[in-house]
There are 2 protein chains.
Amino acid sequence: MPRKASTTAPAKAPRKTSRKVASAAKQAAPIKTDVIHAGNCIEIMNSLPEKSVDLIFADPPYNLQLGGELHRPDNSRVDGVDDAWDKFESIAAYDKFTREWLAAARRVLKDDGGLWVIGSYHNIFRVGAALQDMGFWVLNDVVWHKTNPMPNFRGTRFTNAHETLVWCAKSPDAKYMFNYDAMKQLNDGTQMRSDWALPLCTGAERLKSDDGGKLHPTQKPESLLYRVLMASTQPGDVVLDPFFGTGTTGAAAKRLGRHYIGIEQDPGYIAAARRRIAAVEEIEDKQLLLTPSKRTEPRVPFGAVVERGMLQPGALLTDASGRFTARVHADGTIISSEHRGSIHQVGAAVQGAPACNGWTFWHVQNGSDRVSIDVLRQQIRAEMTQSIQ
Amino acid sequence: MPRKASTTAPAKAPRKTSRKVASAAKQAAPIKTDVIHAGNCIEIMNSLPEKSVDLIFADPPYNLQLGGELHRPDNSRVDGVDDAWDKFESIAAYDKFTREWLAAARRVLKDDGGLWVIGSYHNIFRVGAALQDMGFWVLNDVVWHKTNPMPNFRGTRFTNAHETLVWCAKSPDAKYMFNYDAMKQLNDGTQMRSDWALPLCTGAERLKSDDGGKLHPTQKPESLLYRVLMASTQPGDVVLDPFFGTGTTGAAAKRLGRHYIGIEQDPGYIAAARRRIAAVEEIEDKQLLLTPSKRTEPRVPFGAVVERGMLQPGALLTDASGRFTARVHADGTIISSEHRGSIHQVGAAVQGAPACNGWTFWHVQNGSDRVSIDVLRQQIRAEMTQSIQ
DNA sequence: ACGCAATTTGAATCTGTCT
DNA sequence: TAGACAGATTCAAATTGCG
């Protein structure tokens, strides 16, 4: 039950907008965006208006439970995650923390909004189970296949070469946002899979501290956020990140014409994030951000084709092979030897199929070859889009 | 803290063997192997001697919760999993079932034994959390990257293209078995990663029922079990599969010189498994079984170039001569004055050619000269080839 | 028998909107 | 709110069919 992006309106415009109170509520309490809040994410999320953000991306502490120091075969020391924010007393304490921030996130998320959480095997089962227990509806688990992971230096296990993201909606019947066509384009024309091959955040993209080391131990690559935001938001949407860190989510959001709200406890990270996001250049031509989708093109009833005289009552329709035929009636229904109804209904009936897209199924003779009646729809749509502007 | 297979002695020889009574206990109550037990897996596991098996591989019901019928775009019907054994009243009921069979599995597993469970996002968080709660120690979560998954026919989500396996030991300090070198060899000399690219079980390997359809709805490929058994058992080990189905685990175990114990409720599956395993020929030279998949050059979608920031949305592309131009969109499509589509489509369209390799046709300005965008693809491939097995 | 085309199939939580 | 209806939607492999 995904929502789809609109081609005509850059603003979020699900078809039901007019019937929804959500937009009114949003205007009543417009949430402040493109800001970073300093402090505890649970408290701050609870201070924000409820049902006010379109997407939440969360990269919570993983509760890594590392042992002592780890060294590479050449004896150099591995700079692991040993920060205080990743320490929990027990699994139960981690579960409690997880369910508390998820509850606050659920409250601030719009009913049709999306939620992403990234983690590893240390914590992702706790997170995933909590999500399901709290009523979230998992849409996909997505694997980030790291193209350049850190090897397992001891040779004791498989190279830990991926992380897992859970993408979910707020409920099973929510109208979540999914830019199917944009994802397909991004993958050279075939469906985007649930496993994404992307490199770690290294090189110039990786923020450095004064001593030259990495500023944040788990900075995510912007490419990962790029895909997340392209997949599940529209331009102008509000994206909340309760574990903002050095602001990868904010940088990607700004780059893609989305608004961000960051929450972060560490003043050093916040300062770095502000500098980083300020340096991001927004795309000037907003048209570049649009991701057209067939689903949101204006509907054209077949009757409009007859009405405009593009087909006369009595005109003969056939399928591509010429095996099935039907005639057009003045009211936009069509009639075959045994069935009468819409182009879709008759197309399905003559084939004995459960469904049929009549626009692509039926053809008309044009000189020596057959042409799909969908070209007639295209002509009408072309006229419609011109008249709008 | 893995045990390693000894290169000199084929028998199991963990370093601490001399301090253990396990081998004596095993001789006192030799467990009957290479059998299939008919019945409920919890009851039967509880009837087996405790701490008696070296490895457990479990492919439990996933609790898929499918809706109505699903059809492909060509209107053919998808043969989904609608078996009674995959139906549970609630998440709580599934959790209860999970923890009961895991408790029985824990009892029958040796202290240094390994446990694998495979699942999807529907159930794997429940399983993973239960494992951690019960004291198991997760060693890796392993992603089975399906090379030929079923697409998402409605265009509503990402193609569900992987499943997850959790590999764990019985406790944090257990001396589990891991054949590091065998895995490394299997992966062309570099460490085996936590994501495995393997095809689905299809073709001649897939067991058929009398009506020609699939005999079991979720038969796993033997290649998956090969890798599991090669990684975490030694020849002669006893492998238990409490959800034996049509015996993939048994077939792989026999092929690799391991012993199996299967538990299965369905008499039809048991009969098929017996026939199947009887037909398996044990191979003397285990090395012959190592069949690293031939690697083709990874396909790189143009979107990956944009996503990684190697080209910004709005970037100008030209052909080698500068005669044609196009601009990059955020979703990886490009737009010329008259055409929109992939780099290949637009390249063909502007030339009026039937086809075009966009990677070599389009260039970007780099200082004073133009560079083919194919160099960007080469960079990405260089990263990927290090990481794909 | 061989080569090419057409058909089949796989663990799937698989629609949106208006009346 | 339940029902009707428009109409959008698939990839890699293996197998079968045909010339």
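Hydrogens, waters and symmetry mates are skipped; everything else that's a heavy atom, side chains included, is used. Just so we're on the same page: letters track the sequence lines, and every chain starts at 1. Since we're looking at a predicted model, the values are computed, not measured.
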*In whole Å, what is the span from the CZ atom of Arg193(A) to the P atom of dA12(D)?*
9 Å

*Under 4.0 Å between any heavy atoms, over every strand shown, what does Pro221(B) touch: base, sugar-phosphate, or nothing? Just pick one.*
nothing

*Expressed as a whole number of Å, how far does the P atom of dC18(C) sit from that of dA8(D)?*
15 Å

*Can you check the Asp173(A) CG to dT1(D) P distance for me, whole Å?*
11 Å

*Hey, can you tell me if Trp196(B) and Trp116(B) have their rings parallel, tilted or perpendicular (30° and 60° cut-offs)?*
tilted

*asked:* Once salt bridge (Lys or Arg N to Asp or Glu O under 4.0 Å) is applied, what residue pairs with a partner in residues 119-131 of chain B remain, sequence neighbours excluded?
replied: Asp133(A)-Arg126(B), Asp95(B)-Arg126(B)

*Listed in order of residue number, which residues of residues 90-99 of chain B have a non-hydrogen atom at under 4.0 Å from DNA chain C?*
none

*Counting side-chain heavy atoms from CB outward, which of dT13(C), dA6(D), dT9(D) is closest to His344(A)?*
dA6(D)

_Test applied, side-chain contact (heavy atoms from CB on, under 4.5 Å); reference residue, Leu317(A); option that passes from Thr325(A), Val346(A), Val328(A), Ile335(A)_ = Val328(A)

*For Asp59(B), answer base if it contacts any base atom (sugar-phosphate contacts may also be present), sugar-phosphate if it contacts only those atoms, and nothing otherwise; contact means non-hydrogen atoms under 4.0 Å.*
base

_For a quick test of reading the model, state the closest non-hydrogen atom pair linking Asp59(B) to Phe243(B) and the distance between them._
O-CB, 3.5 Å

*Out of dT9(D), dA11(C), dA12(C), which nucleotide sits closest to the side chain of Asp181(A)?*
dT9(D)

*Answer with base, sugar-phosphate or nothing: what part of the nucleic acid does Arg377(A) contact at a heavy-atom distance below 4.0 Å?*
sugar-phosphate

_Per-nucleotide pairing state of DNA chain C [Watson-Crick or G-U, under 3.5 Å; [ ] pseudoknot-crossing; | other strand]_ = .|||||||||....|||||

*Describe the nucleic acid contact of Gly68(B) in one word from base, sugar-phosphate, nothing, applying a heavy-atom distance below 4.0 Å.*
base

Polar-atom pairs under 3.5 Å, protein N or O versus N or O of nucleotides 14-17 of chain D: list them with distances, or write none.
{"residue": "dT15(D)", "atom": "OP1", "partner": "Ala204(B)", "partner atom": "N", "Å": "2.9"}

*Do side-chain atoms of Asp112(A) reach the backbone of Tyr176(A) as a donor and acceptor pair under 3.5 angstrom?*
no

*What does Thr147(B) touch in the nucleic acid at a heavy-atom separation under 4.0 angstrom: a base, only the sugar-phosphate, or nothing?*
sugar-phosphate

*How far does the C1' atom of dC14(C) sit from the matching atom of dG10(C), given to the nearest Å?*
15 Å

*Can you figure out which of dT9(D), dT13(C), dA11(C) approaches the side chain of Val138(A) most closely?*
dT13(C)

*asked:* Apply salt bridge (Lys or Arg N to Asp or Glu O under 4.0 Å) to residues Arg340(A) and Asp331(A) and explain how you reach the verdict.
replied: CA-CA 12 Å; Arg340(A) 165 170 189 156; Asp331(A) 62 0; 3.1 Å; yes

*Whole angstrom value for the distance that separates P of dG7(D) from OH of Tyr180(A)*: 19 Å

*Considering heavy-atom distances to DNA chain D, does Pro354(A) or Gln191(A) have its closest nucleotide positioned more toward the 5' end?*
Pro354(A)

*Ring centroid separation Tyr269(B) to Trp85(B) under 6.0 Å*: no

*Indicate, with a heavy-atom threshold strictly under 4.0 Å, whether Ser342(A) touches base, sugar-phosphate, or nothing.*
sugar-phosphate

*With sugar-phosphate meaning primed atoms plus P, OP1 and OP2, does Pro301(A) contact a base, only sugar-phosphate, or nothing at under 4.0 Å between heavy atoms?*
nothing

Output a table of nitrogen or oxygen pairs between the protein and nucleotides 3-9 of chain C separated by less than 3.5 Å.
none

*Are the aromatic rings of Phe302(B) and Trp359(B) close, with centres under 6.0 Å apart?*
yes

*May I ask you to verify if any side-chain N or O of Tyr121(B) is less than 4.0 angstrom from the OP1 or OP2 atom of dT13(C)?*
yes

*Check the pair His344(A) / Ser342(A) against side-chain hydrogen bond (donor to acceptor under 3.5 Å, both in side chains), numbers first and verdict last.*
CA-CA 5 Å; His344(A) 313 294; Ser342(A) 71; 5.3 Å; no

*Under the criteria of a ring-centre distance below 5.5 Å and an interplanar angle below 30°, is Phe153(B) stacked with the base of dC14(C)?*
no

_Tell me if a side-chain donor or acceptor on Glu297(A) pairs with a main-chain N or O of Arg381(A) at a distance below 3.5 Å._
no

*Provide, to the nearest angstrom, the distance between the CZ atom belonging to Arg157(B) and the C1' atom belonging to dA11(C).*
14 Å

_Closest contact, heavy atoms only, Lys184(A) versus Gln191(A)_ = CG-N, 4.0 Å

*Which part of the nucleic acid does Trp359(A) contact within heavy-atom distance under 4.0 Å: base, sugar-phosphate only, or nothing?*
sugar-phosphate

*asked:* Whether Asn160(B) contacts dA12(C) is assessed here as follows: a side-chain N or O lying under 4.0 Å from the phosphate OP1 or OP2. Is that the case?
replied: no

*asked:* Taking dA12(C) as the reference, what is the distance to dC5(D) when you measure between their P atoms (whole Å, please)?
replied: 31 Å

*asked:* Nearest to the Lys184(A) side chain among dA8(D), dA12(C), dT10(D), which nucleotide is it?
replied: dT10(D)

*asked:* Using whole Å, what does the distance between atom P of nucleotide dA11(C) and atom NZ of Lys87(B) come to?
replied: 16 Å

*Just checking Asp86(B): base, sugar-phosphate only, or nothing, at a heavy-atom cut-off of under 4.0 Å?*
base

*side chain to side chain contact (heavy atoms under 4.5 Å, CB included) between Arg308(A) and Leu376(A), worked out*: CA-CA 10 Å; Arg308(A) 299 188 186 203; Leu376(A) 305 176; over 6 Å; no

*Base, sugar-phosphate, or nothing: which does Lys208(B) touch, judged by heavy atoms less than 4.0 Å apart?*
nothing

*Distance only, no hydrogens: is a donor on one side chain within 3.5 Å (strictly under) of an acceptor on the other, for Asp195(A) and His145(B)?*
yes

*Distance, C1' atom - from dA1(C) to dG19(D), rounded to whole angstrom*: 13 Å

*Where does dT13(C) land, syn or anti, given syn is within 90° of 0?*
syn

*salt bridge (Lys or Arg N to Asp or Glu O under 4.0 Å) partners of Arg276(B), counting only residues at least two apart*: Glu222(B)

*Choosing from dA11(C), dT13(C), dT15(C), which nucleotide comes nearest the side chain of Thr156(B)?*
dT15(C)

*Is the backbone N or O of Arg154(B) less than 3.5 Å from a side-chain atom of Asn152(B), with the two atoms forming a donor-acceptor pair by type?*
yes

*Between Lys175(A) and dT17(C), is there a side-chain N or O to OP1/OP2 distance below 4.0 Å?*
no

*Taking the side chain of Glu163(B) as its heavy atoms from C-beta onward, which of dT9(D), dC11(D), dA11(C) lies nearest to it?*
dA11(C)

*For dT9(D) versus dT8(C), give the span between their P atoms, rounded off to a whole number of Å.*
23 Å

_Check this one for me: any side-chain N or O of Tyr176(A) less than 4.0 Å away from OP1 or OP2 of dC14(C)?_
no

*Which is true for Gln345(A) with a 4.0 Å heavy-atom rule: it touches a base, it touches only sugar-phosphate, or it touches nothing?*
sugar-phosphate

_Residue Trp137(A), side-chain heavy atoms: nucleotide from dA8(D), dG10(C), dT13(C) that is nearest_ = dT13(C)

_Under a 3.5 Å distance rule, please check whether Lys208(B) uses its side chain to pair with a backbone N or O of Arg206(B) as donor and acceptor._
yes

*Would you confirm whether Asp141(B), through its side chain, and Thr164(B), through its main-chain N or O, come within 3.5 Å as a donor-acceptor pair?*
no

